[in-house]
Amino acid sequence: MISCQVSSKLKWLKPCWTVTIALFIFTLLSTTAAQASLYSDFLTVSEPPHLSLTIFTSGYGSDSYDMTQEGFEFEQSLTRFVGLAGRVSAYQSYRGDGYNSPFPFSDTDVFARGNPRNFGLFEGGLDLTPIEGTSVKIMGGRAVGDSNTPLIDGELSTWILFHSLHPINFSSTVTTYQEAETRNFSTMDLRTVAYSNGRLMLLAGAGGAIWGGGGSDLQGQAGPDIGVFVNTWDAEIDVQIGYGGNPHTYGLVTVSKQFGWDE
């Protein structure tokens, strides 16, 4: 069972999965009965099969923590509703502790001395598409380098009012590190398509993150979130700036580019 541990002062906060699961169930229940017929070919092989590759890089900076990340992710379709997913990513932690840092308990004093730490993540699992506009990824793997903890990763992305002029996207990730000072890390983003002209799309909303558990207290951050997706390049740039209790003012920039092939 995956759960999030919270400090005694914040027991009113439920596990990080609660909001994600509740919104996912709401999305499923809000679909019409006519969609049930879509699942009659659940096991039918996708024609043509599709392979996608996404490369990404990001940088995070705050008053107490600095980190960069880069990597790639691939997805291979099996049926209309099921695909295989794999991800390889590398992290460089330059200063501070907390946030998305799966380091063991014995290494917490390293950050106090300002020594950088590096680790990689290898993950694999399934990408499910239960309804149109909704993706659920369930993956597992292990960290390597300065951390070797096993991990379980769950991701949800769903579009609400999918066919309206300004559809709304909700996305969330929940990662549980089995052997780390910061045991749980989760993010949430709620954005709408503020502008679109066929060549590019502007998304605006808010996002944030919660982390803690294991040997660390629960912490969080939140702020406005803006993204620009360029259709002709299949590329996206996301910028988030906000405030949190421990990191204080922070900034997060993510750039990604997608490639796709029909086999």
Side-chain angles (χ1 to χ4, degrees), residues 1-3 15-56 71-89 120-143 150-163 167-178 184-191 201 203 227 229 231 234-236 238 254 256-263:
M1 176 179 295
I2 303 174
S3 62
C16 298
W17 281 105
T18 303
V19 175
T20 300
I21 294 175
L23 286 173
F24 177 55
I25 293 175
F26 171 78
T27 303
L28 290 177
L29 294 178
S30 65
T31 57
T32 63
Q35 287 178 310
S37 61
L38 294 174
Y39 298 94
S40 59
D41 61 347
F42 185 84
L43 297 179
T44 302
V45 176
S46 177
E47 290 292 344
H50 184 76
L51 174 66
S52 67
L53 172 67
T54 302
I55 57 176
F56 56 86
F72 65 89
E73 177 178 325
F74 72 86
E75 294 183 26
Q76 172 65 62
S77 66
L78 297 179
T79 73
R80 291 180 57 190
F81 308 100
V82 181
L84 295 176
R87 182 186 302 144
V88 177
S89 51
L121 296 182
F122 291 87
E123 303 174 72
L126 296 176
D127 184 2
L128 309 178
T129 308
I131 56 177
E132 182 184 17
T134 297
S135 170
V136 179
K137 291 182 184 177
I138 304 173
M139 297 195 292
R142 176 176 288 273
L151 64 111
I152 299 175
D153 196 359
E155 301 179 11
L156 166 67
S157 176
T158 185
W159 286 92
I160 306 169
L161 305 176
F162 188 75
H163 297 290
I168 299 171
N169 176 256
F170 172 78
S171 61
S172 177
T173 67
V174 179
T175 303
T176 297
Y177 300 108
Q178 301 300 313
N184 305 290
F185 176 76
S186 65
T187 65
M188 291 185 185
D189 291 277
L190 183 64
R191 303 186 296 177
M201 184 167 56
L203 298 97
F229 181 80
N231 292 328
D234 281 336
E236 184 172 358
D238 294 297
T254 302
S256 62
K257 161 71 176 175
Q258 188 176 77
F259 304 88
W261 302 272
D262 288 330
E263 302 170 19

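Given the structure is predicted, the values throughout are model-derived calculations rather than measurements. Residue indices begin at 1 and follow the sequence shown.
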Can you name the nearest heavy-atom pair linking [X] to [Y], along with the distance?
X	Y	result
F56	V88	CZ-O, 4.4 Å
D153	E123	OD2-OE1, 2.9 Å
P167	W159	CB-CE3, 3.7 Å
M188	S172	CG-OG, 3.8 Å

Euclidean distance, [Y] [atom2] relative to [X] [atom1], rounded to 0.5 Å:
X	Y	atom1	atom2	value
M139	L121	CE	CG	9.5 Å
I168	L203	CD1	CG	11.5 Å
L53	F74	CG	CZ	9.5 Å
Q258	F72	CD	CZ	15.0 Å
D234	S256	CG	OG	9.5 Å
N184	Y177	CG	OH	10.0 Å

Problem set entry | Chi angles and distances behind the side chain to side chain contact (heavy atoms under 4.5 Å, CB included) call for F162, E132 | CA-CA 9 Å; F162 188 75; E132 182 184 17; 3.5 Å; yes

Hey, are the side chains of [X] and [Y] touching, using non-hydrogen atoms and a 4.5 Å cut-off?
X	Y	answer
V174	F185	no
L84	L78	yes
L151	T176	no

Exercise. Judged by atom type as modelled, is there a donor-acceptor pair below 3.5 Å linking the side chain of H50 to the main-chain atoms of G260?
Worked result: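 No, the answer is negative, given that no donor and acceptor are paired below the 3.5 Å cut-off.
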
Exercise. Judged by atom type as modelled, is there a donor-acceptor pair below 3.5 Å linking the side chain of T79 to the main-chain atoms of F81?
Worked result: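 Looks like yes, one N/O pair under 3.5 Å.
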
Problem set entry | Full working for side chain to side chain contact (heavy atoms under 4.5 Å, CB included) between I152 and Q178 | CA-CA 8 Å; I152 299 175; Q178 301 300 313; 4.1 Å; yes

Exercise. For the side-chain contact (heavy atoms from CB on, under 4.5 Å) test, which of I55, L51, T54 pairs with F259?
Worked result: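 Single pass found, and it is I55.
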
Exercise. Any ion pair linking R87 and E75 (charged N to carboxylate O, less than 4.0 Å)?
Worked result: no

For this session: Only counting residues at least two apart or in another chain, list the ones meeting salt bridge (Lys or Arg N to Asp or Glu O under 4.0 Å) with D238.
Result: R191

Exercise. Side-chain donor-acceptor pair under 3.5 Å between T158 and T134, yes or no?
Worked result: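 Yes, side-chain donor-acceptor contact under 3.5 Å.
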
Problem set entry | Pair S135-S157, side-chain donor/acceptor within less than 3.5 Å |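 S135 vs S157: no donor-acceptor pair found between side chains.
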
